[in-house]
Amino acid sequence: MRGRIPVNPARTLIVDLPGPDLTPEQGHFLARHSFGGVCLFTRNITTLERTARLVTDIRAALGHDALIATDQEGGAVLRRLDVPHPPTPQALGRLGDVEDAREAGRVAARGLIELGINWNYAPSLDVNVDPLNPVIGERSFGADPALVAALGVAWAQGSEDMGVLSAVKHFPGHGDTRTDSHLALPVVDKSRAQLEAVEWLPFRAAVRANLGSVMTAHILYPQIDEEFPATLSPALLRDLLRREWGYGGVIVTDAMDMRAVADRYPDGRGAALALNAGADAVLICGHGGLDIHVRHLEAIERALQSGDLLSARVKEASGRLERAATRFPGTPRSYATAQRQIDEAWADGIAGRSLETLGTVPSIQRGEPVLLIAHRQPPTGGPYGDSLGGEALAEALRPVFPGLQLALHDGHDLSAVHALLAACPDAPVLLATTERWDVGGAVRELARTLKGRRTVHLALWNPDVAAELGLPALLTHGFRPAQWRALAAALNRRMPG
C-alpha cells in the first residue's frame, strides 16, 4: 500500500522502545519503517556507555538524521539520573531569576547531548492556576503568567544554546485542570479572553522567541473548539498557532497512548487527525510493545489513501522535522568532570536558596534523639518516574541526626507512628510529606495532634500541604539529592550547641 503514497508518513512518528539496548529485531523494525525519531524513558537510559550506544544504534537503524527525545524537566520528571539534576521549575519560580532558569536549561541539555539526545520535551509553560492540578504542580514555574513566560523561555533558550531542541508544553495550557490527561479528557471551559490573559501568554512569548518546538495538550477547550482536544484541533494548531501567531517551528503531540485521546480515537485514528490539524510529529508510546506504532502508521496510510489527509501536509511535517534535526544534529559532546562539579554545586546553591521557611521552626539540640515520620513509598502516576521513600530521606538526614528513629506509614495505617510517639514523648518530631498531592486524612489528623509538640514539617513535594497542615515547616520545592542536602544543612544550622 505504501508504494502508492508519495511520502513516507512514518517520518512523522516518534516511537518508543522497550529496553536499554536495541535488539536486532527492533533494529530491523526501525529500519523497515524509518520513523522520524525515538523517545527514551527511564527504562532505556542506564550507563553513559550503554545509552550512548543505544542512541548510535537507533540512528544507524533509522538511516537518516533522527530526533532522539526524552523528558529531562528537572525535579520529579527526570529520565537521566546520573548527572547533575536541573532544579524544579517551581524552585526556579520562587527565585524568579531569568539567568538561573537559562542555566537550568543548559544543565539539563549537557546531560542529554553527552548521549546524543537532541530533543528535550521541556520546559512546561503551564501556568499553575490550580494548585490541585494532578499533573503539573512543581513542573510549573508558578501562577504568574508573565513570570512563567520569562523563566520558561530562558530555560528553553539555555537548552537550545547547548544543542538540544526544546519543546515548550502543554499548549495551550494544562495548568487549570483537575483531570490528569493520562487517565481522562480534561476540559477547560474558558473564553478566548481568559486564555489570552493567562494560559496563552507564555506560549505567545515562546513563539516570539522562535523556540524550536511546541508540545500539545490533550485537553478540550470548548469555547475554542467544541469537538476536538487541542492535539487534534485545527482551530488551535493550524488557525491559532500557525496562521494567527505565525509559529514556524515543530508541533509535537503529547503521547497518543494517553487515555484522553486513545479512549476516543482508538487504533491510531488520532494520529491522522493530529497531522491534519497541524501537528508535525506524533508521539506514540507502546510501553514495551511495537504493534501500537504499526497501528498508528497504518491509520495514517489509510487517511492518505482516502484523501482525509493530504500528502502535502505529511511532506510539510516531515520537512519541519528534517530541518530541526539538521539544526540540532545530536552530535555527542563530552560532559567534562569539572563542568559536572560546577553544575552540581550550582544545583546545590539553587536548592539552598529556594528552601523556604514557614512559621517559627523550633530548635533541636545537638545529639537529641529525633523522630522522623514519613511515607514508606508514596505513589506517583502520570508522568512521574519515581518518588521519595522514607528510608531514603532518613539516610540523608542521619549525618545530622545520628540517633534518628524512623516510623514509616502507608498513608492509612499509622499504628507504628503512634507507637513511636508514645515511646518517646519528649523527642522532637520531623513530619515529612513526600506525597505528590493529598497526604490523606490520617496524616492530617496526626498533624493536628502534633501541634502541641516540638515538630518541624518537612514538605518535600507539595508546598501547599504546609499551609494546610499548619505546622512550622521547611519547604524544599523538590525531593532530589540537592534538596536533601539543603534540608540537612538547614536543620544542622538550627541546632544549638
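What you are looking at is a predicted structure, and each value in this text was computed from that prediction instead of being measured. Any value given below was found using the heavy atoms of this structure, including those in side chains, with hydrogens, waters and symmetry copies removed.
Between V107 and P84, the shortest heavy-atom distance links the atoms CG1-O, 3.7 Å. Minimum heavy-atom separation, I300 to A272: CG1-N, 4.1 Å. Summarising the geometry of R242 relative to G278, their closest heavy-atom pair is NH2-O, 3.9 Å, with the distance given to 0.1 Å. Closest approach of T12 to L321, counting heavy atoms only: CA-CD1, 4.0 Å. Among all heavy-atom pairs drawn from A146 and D144, the shortest one is N-OD1, 3.0 Å. Of all non-hydrogen atoms in I14 and C39, the two that sit nearest each other are CG2-N, 3.8 Å.
Side chain of W461 to main chain of G478: no donor-acceptor pair is present (N/O by atom type, distance under 3.5 Å, no hydrogens or angles). The backbone N or O of L17 lies less than 3.5 Å from a partner atom in the side chain of R43, making a donor-acceptor pair. At least one donor-acceptor pair under 3.5 Å links the side chain of R480 to the backbone N or O of A76. Put simply, the side chain of S140 never gets that close to the backbone of G137: no donor and acceptor are under 3.5 Å apart. Under the 3.5 Å distance criterion, the side-chain polar atoms of Y121 are left unmatched by any main-chain donor or acceptor of V168. S213 contributes a side-chain N or O that, together with a main-chain N or O of S166, makes up a donor-acceptor pair within less than 3.5 Å. T253 places no side-chain N or O within donor-acceptor distance of the main-chain N or O of T231, the cut-off being under 3.5 Å. Side chain of R259 to main chain of H182: no donor-acceptor pair is present (N/O by atom type, distance under 3.5 Å, no hydrogens or angles). Between the side chain of S159 and the backbone N or O of V164 there is at least one donor-acceptor pair closer than 3.5 Å. Checking side-chain atoms of T51 against main-chain N and O of T47 turns up a donor-acceptor pair under 3.5 Å.
One distance of note links OG of S334 with CG of L48; it measures 9.0 Å at 0.5 Å rounding. Note that the CG atom of N118 and the OG1 atom of T70 stand 11.5 Å from one another [nearest 0.5 Å]. Separating the CH2 atom in W155 from the CD atom in E160 is a distance of 10.5 Å, to the nearest 0.5 Å. Distance check: R94 CZ to D100 CG gives 13.0 Å after rounding to the nearest 0.5 Å. Put simply, CG on L393 and CD1 on I373 are 12.0 Å apart, with the number rounded to the nearest 0.5 Å. Summarising the geometry, atom CD1 belonging to I58 is positioned 9.0 Å from atom CD belonging to Q26; distances are rounded to the nearest 0.5 Å.
With respect to E391 and R376, no salt bridge is recorded, no charged nitrogen being found less than 4.0 Å from a carboxylate O. We find that R353 and D348 are not joined by a salt bridge, their nearest charged nitrogen and carboxylate oxygen being 4.0 Å or further apart. One finds a salt bridge joining D82 and R80 here, because a Lys/Arg side-chain nitrogen approaches an Asp/Glu carboxylate oxygen to under 4.0 Å. In summary, R320 and D280 engage in a salt bridge, as defined by a charged side-chain N under 4.0 Å from a carboxylate O. Salt bridge E114/R340: present, at least one basic N to carboxylate O contact under 4.0 Å. A salt bridge does not link E199 with R204: every distance from a Lys NZ or Arg NE/NH1/NH2 to an Asp or Glu carboxylate oxygen is 4.0 Å or more. With respect to E73 and K169, a salt bridge is recorded, a charged nitrogen being found less than 4.0 Å from a carboxylate O. With salt bridges taken as basic N to acidic carboxylate O contacts below 4.0 Å, one links E344 and R485. A salt bridge does not link D343 with R106: every distance from a Lys NZ or Arg NE/NH1/NH2 to an Asp or Glu carboxylate oxygen is 4.0 Å or more. Between R238 and E316 there is no salt bridge, since no side-chain nitrogen of the basic residue lies less than 4.0 Å from a carboxylate oxygen of the acidic one.
When each of L388, L355, T88 is checked for a side chain to side chain contact (heavy atoms under 4.5 Å, CB included) with T476, only L355 meets the rule. Partner H170 forms a side-chain hydrogen bond (donor to acceptor under 3.5 Å, both in side chains) with one of D126, T216, T177 and no other, that one being D126.
Side chains of P229 and L185 form a contact here, defined as non-hydrogen atoms less than 4.5 Å apart. The shortest distance between side-chain heavy atoms of P202 and V127 falls below 4.5 Å. Counting only heavy atoms from C-beta outward, the side chains of V38 and D16 never approach each other to under 4.5 Å. Contact check for P172 versus L236: side-chain heavy atoms found under the 4.5 Å cut-off. Looking at T433 and N462, their side chains never come closer than 4.5 Å, going by heavy atoms from C-beta outward. Using a 4.5 Å cut-off on side-chain heavy atoms (C-beta onward), M256 and L232 make contact. Using a 4.5 Å heavy-atom threshold, the side chains of I68 and W119 count as separate. For the pair P481 and H85, the minimum side-chain heavy-atom distance is below 4.5 Å.
For the 3.5 Å distance criterion, the side chains of Q483 and H477 fail to qualify, holding no donor opposite an acceptor. Q223 and R192 form no side-chain donor-acceptor contact under 3.5 Å, judged by distance and modelled atom types alone. Of the N and O atoms on the side chains of S34 and R11, at least one donor lies less than 3.5 Å from an acceptor on the other residue.
Aromatic rings from W245 and F171 are positioned such that their centres are separated by under 6.0 Å.
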| message | Under the criterion side-chain contact (heavy atoms from CB on, under 4.5 Å), I'd like the reasoning laid out for L471 against V456: C-alpha separation, chi angles, the key distance, then a yes or no. | response | CA-CA 7 Å; L471 294 166; V456 183; over 6 Å; no

| task | Walk me through it: do R444 and D438 pass the test salt bridge (charged side-chain N to carboxylate O under 4.0 Å, His left out)? | result | CA-CA 10 Å; R444 284 194 289 271; D438 187 11; 2.5 Å; yes

| said: Is there a side-chain contact (heavy atoms from CB on, under 4.5 Å) between L273 and Y265? Walk through the geometry before answering. | reply: CA-CA 9 Å; L273 291 171; Y265 307 93; 3.5 Å; yes

| request: Report the C-alpha distance between L201 and V148 in whole Å, list the side-chain angles of each, state the deciding distance to 0.1 Å, and finish with yes or no for side-chain contact (heavy atoms from CB on, under 4.5 Å). | output: CA-CA 9 Å; L201 193 150; V148 172; over 6 Å; no

| Taking it one step at a time, do L40 and L54 satisfy side-chain contact (heavy atoms from CB on, under 4.5 Å)? | CA-CA 10 Å; L40 303 181; L54 172 64; 4.1 Å; yes

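Legend: salt bridge (charged side-chain N to carboxylate O under 4.0 Å, His left out) pairs involving residues 51-60, not counting sequence neighbours, sorted by first then second residue: D21-R53.
Under the side chain to side chain contact (heavy atoms under 4.5 Å, CB included) criterion, D225 pairs with E227, F228, S233, P234, A235, sequence neighbours left out.
Classified by interplanar angle (parallel below 30°, tilted 30° to 60°, perpendicular above 60°), the ring pair F35/H293 is perpendicular.
Residue R50 qualifies as enclosed at atom CZ: its count of foreign heavy atoms under 6.0 Å is above 12.
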